[in-house]
Amino acid sequence: MTIQWYPGHMAKAKRQVLEKIKLIDVVIEIVDARIPLSSRNPMVDELASQKPRLVLLNKSDLADPGATEKWAQYFEKRGWASLVIDAQKGKGMNDIPLKVKELCQPLLDKFEKKGIRPRALRALILGIPNVGKSTVINRIANKRITKIGDRPGVTKAQQWIKVGKEIELLDTPGILWPKFEDQDVGFRLALTGAIKEEIFDFQETVVFLLNYLREAYPTMLKHRYNLTELPEDVADLFDAIGTRRGCLVSGGIVDYDRVAEIVFRDFRQGKLGKISLERPDER
Ligand code: G4P
């Protein structure tokens, strides 16, 4: 598996994000709660190092709640605020303004000290594709987009969304690409829909998933495919699931492609249960 990000593309994405970051007081980084590290680009740490940060662990409806809780603590320990949300249903999102205000308190104090009437706090949503940036923005926007033009440093009119009275959100998110540190990161991104699955070898991706589930979620795996035992060898596991699901070709041989397809779709649709593909304590 090789995926090339051309330096030119990277530089352009970086430039665009930097332009946006200049305008704002706080960065709201969205990650996929099932893969909170694999779904972030560490470049954000460099780009947003000067800004307070709120990490939103989105798609929490699909993730293991115990692992998500630990991830929230992990980010807090790194000095960032965090919130567990489900943007599709709008869960946890009411606390966003409160957290933003908490994070910007030093700035508000500065305004007060200088006797300046505090202006609205400006926030930017940032994240890799498919983590739910648009879903979050649309939920917050609720048709409350206001056009605000002549701002220092704003060359063309930016659209800002009012969040309550005291916060404004830039309506276009900053997009960073995922970083493929190793093959496992790629598998996690393929399984959660952050990158097209066609880029990966489908069977290899499901082999990764089954090996992980056998260790981390054996009961869910047994339950879903009605298995009493989980064979050590992943090929035997394919055979067991294939036999249960009737994925047989002539001669009674299991059709591995079909098994891979079934397991992959089951995972994507959350049919195996609430599953996280990485945990902070594994690291
Ligand atoms: P992006 O702007 O960061 O690229 O992401 P976007 O909001 O477009 O969301 C990507 C997909 O994730 C959408 O599904 C969206 O409905 C889903 N999504 C966003 N937030 C949540 C959440 O909290 N829980 C769940 N379960 N899903 C969420 P889609 O359009 O159907 O795309 P796909 O699922 O077919 O990839």
Side-chain angles (χ1 to χ4, degrees), residues 3 5 9 12-14 16-17 20-21 24 27-44 47-48 53-65 67-69 71-72 75 82-96 99 123-145 159 161 163 169-179 185-200 202 205 209 220 261 263-278:
I3 296 175
W5 297 120
H9 290 167
K12 191 174 170 205
K14 203 170 161 176
Q16 284 172 344
V17 169
K20 292 187 199 314
I21 282 181
I24 53 103
V27 166
I28 301 176
E29 184 187 6
I30 306 187
V31 298
D32 185 320
R34 294 166 295 176
I35 53 166
L37 284 194
S38 297
S39 62
R40 60 189 305 267
N41 185 325
M43 196 163 77
V44 68
L47 296 175
R53 180 116 43 110
L54 171 60
V55 179
L56 300 180
L57 289 139
N58 190 34
K59 308 201 184 185
S60 61
D61 53 314
L62 302 171
D64 177 343
T68 305
E69 188 53 45
W71 279 115
F75 289 119
S82 72
L83 275 176
V84 175
I85 65 161
D86 167 356
Q88 214 169 46
K89 298 195 195 68
K91 281 189 192 160
M93 293 189 56
N94 288 344
D95 292 334
I96 294 176
K99 287 275 182 190
L124 165 71
I125 301 258
L126 202 62
I128 68 163
N130 216 42
V131 285
K133 296 180 297 300
S134 316
T135 310
V136 169
I137 290 174
N138 288 339
R139 272 218 169 260
I140 290 176
N142 228 351
K143 299 200 187 80
R144 281 176 295 163
I145 298 180
Q159 299 260 310
I161 300 156
V163 189
L169 178 71
L170 202 55
D171 81 325
T172 45
I175 302 170
L176 290 169
W177 304 106
K179 188 160 187 274
V185 172
F187 289 142
R188 292 187 195 107
L189 291 166
L191 286 163
T192 52
I195 49 172
K196 286 193 176 63
E197 60 232 42
E198 296 87 63
I199 296 177
F200 287 85
F202 207 66
T205 308
L209 176 64
M220 286 184 187
E261 182 79 27
V263 176
F264 186 87
R265 300 287 155 222
D266 282 355
F267 175 76
R268 269 290 181 82
Q269 290 161 15
K271 286 183 179 163
L272 285 146
K274 291 178 188 289
I275 287 169
S276 296
L277 293 177
E278 58 188 358

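Computation of the quantities below employed the complete heavy-atom set of this structure, encompassing side-chain atoms and omitting hydrogens, waters and symmetry-equivalent molecules. As the structure lists them, so they are numbered: ligands from 1, and atoms in each ligand from 1. No experiment lies behind these values; they were computed from the predicted model shown.
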Amino acids contacting ligand 1, non-hydrogen cut-off under 4.0 Å: N58, K59, D61, L62, D86, A87, Q88, I128, P129, N130, V131, G132, K133, S134, T135
Set of ring-ring contact (aromatic ring centres under 6.0 Å, His included) partners for F75, sequence neighbours left out: none
Donor + acceptor pair across side chains of Q88, T135 (<3.5 Å): no
side-chain contact (heavy atoms from CB on, under 4.5 Å), paired with N58, selected from V31, L83, I85: I85
Flag side-chain contact, heavy atom, 4.5 Å: M93 against I140: yes
Smallest separation among heavy atoms of S39 and I128, with atom names: O-CG1, 3.4 Å
Heavy-atom side-chain proximity of V136 to I30 below 4.5 angstrom: yes
